[in-house]
Amino acid sequence: MAPLPAEFFTRATVEVARDLLGSLLRVRGDDGRWTAGRIVETEAYGGEDDPASHAGRGRTPRSEIMFGAPGVAYVYLIYGVHHCLNIVTGAEGQAGAVLIRALEPFTGLATMAQRRNVAAETRLHQNLCNGPGKLCQALGIDLAWNGTPLTSERQPKNSNNQRILTIDSGPQPVVWQASPRIGITRATNRPHRFTDPQSTCLSR
DNA sequence: GAATCGATGATCT
DNA sequence: GATCATCGATTCA
């Protein structure tokens with residue numbers, strides 16, 4: 001497996017969202033601990049043409065990053081409590097981002113459980129990353145990660161922080177499914193949510 | 001599985 | 001100051 005090339009994220013947001021299914025999101029947290037999971041659920045959010053997107057009413061301090069360079073993390077706080085991880089897509093000047101909604105945890109299950117403050121239980125892996133807020137907590141991602149670029153593992157030697165965010169290509173599911181996006185009030189009928197329907201780790 | 005509710009920072013008027 | 005918001009946990013059946 002190899003890190004997805006930058007060009008992968010320069011394409012149309014909907015394509016990126018669909019093609020991310022099956023790839024491996026790997027994260028090294030501020031504490032140096034690794035966690036990783038297979039992406040099984042994503043959603044595409046566009047620019048001015050998408051009323052449900054944070055970029056739907058143009059550039060604001062918050063949405064600015066969605067207009068910027070692709071392959072960068074866009075992290076925001078929702079409901080005042082939960083973090084959501086997006087990857088900026090499209091060419092610069094073209095707003096778009098893919099929300100990572102669910103993972104099948106792959107590495108660092110114990111770390112995830114500890115961060116999420118849940119004890120070992122049956123089907124634990126199904127409950128660690130099956131939702132955008134939950135997976136951020138499990139991966140240790142918060143607002144400090146906003147603007148973090150996807151990188152290969154090589155970091156500058158003098159870099160102080162331990163943060164690494166990378167997505168390796170992986171086999172896409174043989175079947176995938178498009179459905180309406182979750183938890184929004186505008187443009188609710190666009191089928192811009194993508195899932196691997198065979199996964200047992202989906203949200204909702 | 002469905003319905004309900006708590007939680008609170010950011011954005012907008 | 002009011003409203004909104006890419007949700008999660010709990011309760012009920």
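Keep in mind that what you see is a predicted model, and the values were worked out from it rather than measured. Reminder, nothing fancy here: chain letters follow the sequence lines and each chain counts from 1.
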Item checked: Value rounded to 0.5 Å, distance of CD1 in A:I167 from CZ in A:F8 ->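 CZ of A:F8 is found 7.5 Å from CD1 of A:I167.
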Whole-Å distance separating the [atom1] atom of [X] from the [atom2] atom of [N]:
X      : N     : atom1 : atom2 : answer
A:Q126 : C:dG8 : CD    : C1'   : 17 Å
A:R181 : C:dC7 : CZ    : P     : 12 Å
A:L77  : B:dT8 : CG    : P     : 11 Å
A:I78  : C:dA9 : CD1   : C1'   : 17 Å
A:N86  : C:dC7 : CG    : C1'   : 14 Å
A:I182 : B:dA2 : CD1   : P     : 12 Å
A:Y74  : C:dA5 : OH    : C1'   : 11 Å
A:N130 : C:dC7 : CG    : P     : 13 Å

Next item on the list: In sequence, state the C-alpha distance, the side-chain angles, and the governing distance for A:L4 and A:L20, and then conclude on side chain to side chain contact (heavy atoms under 4.5 Å, CB included).
Entry: CA-CA 10 Å; A:L4 292 171; A:L20 274 176; 3.8 Å; yes
Notebook entry, point to check: Given Watson-Crick or G-U pairs with both distances under 3.5 Å, what dot-bracket string fits DNA chain C, with | for other-strand pairs and [ ] for crossing?
Noted result: |||||.||||||.
Consider the side chain of [X], meaning its heavy atoms from C-beta on, and name the nucleotide among [options] that approaches it most closely.
X      : options              : value
A:K134 : B:dA7, C:dT6, C:dA9  : C:dA9
A:R186 : C:dC7, B:dC12, C:dA5 : C:dA5
A:H82  : B:dA10, B:dG6, C:dA5 : B:dG6
A:Y45  : B:dC12, C:dT6, C:dC7 : C:dT6

Next item on the list: Keeping to residues at least two apart or across chains, list the salt bridge (Lys or Arg N to Asp or Glu O under 4.0 Å) pairs with something in residues 61-71 of chain A.
Entry: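 Listed by first then second residue: A:R59-A:E64.
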[X] side chain near [N] phosphate (N/O to OP1/OP2, under 4.0 Å):
X      : N     : result
A:R116 : C:dA9 : yes
A:T185 : C:dC4 : no
A:R101 : C:dT6 : no

Notebook entry, point to check: Base, sugar-phosphate, or nothing: which does A:R193 touch, judged by heavy atoms less than 4.0 Å apart?
Noted result: nothing
Item checked: Sugar-phosphate only, base, or nothing, as touched by A:I184 at under 4.0 Å among non-hydrogen atoms -> sugar-phosphate
Checklist line | salt bridge (charged side-chain N to carboxylate O under 4.0 Å, His left out), paired with A:D196, selected from A:R38, A:R18, A:R101 | finding: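 Result: among A:R38, A:R18, A:R101, A:R38 is the only option passing the salt bridge (charged side-chain N to carboxylate O under 4.0 Å, His left out) with A:D196.
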Notebook entry, point to check: Starting at the 5' end of DNA chain C, which residue's closest nucleotide do you reach first, A:R57 or A:Q137?
Noted result: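 Looking at the nearest nucleotide for each, A:R57 comes out on the 5' side.
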Notebook entry, point to check: Under 6.0 Å from the CD atom of A:Q137, do we count more than 12 heavy atoms belonging to anything else shown?
Noted result: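 Yes, because the 6.0 Å sphere around CD of A:Q137 holds more than 12 heavy atoms from other groups.
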Notebook entry, point to check: Taking atom types as modelled, is there a side-chain donor on A:R193 or A:S179 under 3.5 Å from an acceptor on the other?
Noted result: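 Judged by distance alone, the side chains do pair up.
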Check: Quick one: is the NZ or CZ of A:R181 closer than 6.0 Å to the six-membered ring centre of A:Y45, and within 45° of its axis?
Finding: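 Yes.
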Checklist line | ring-ring contact (aromatic ring centres under 6.0 Å, His included) pairs, two or more places apart, involving residues 75-97 of chain A | finding: A:H54-A:Y76, A:Y74-A:Y76
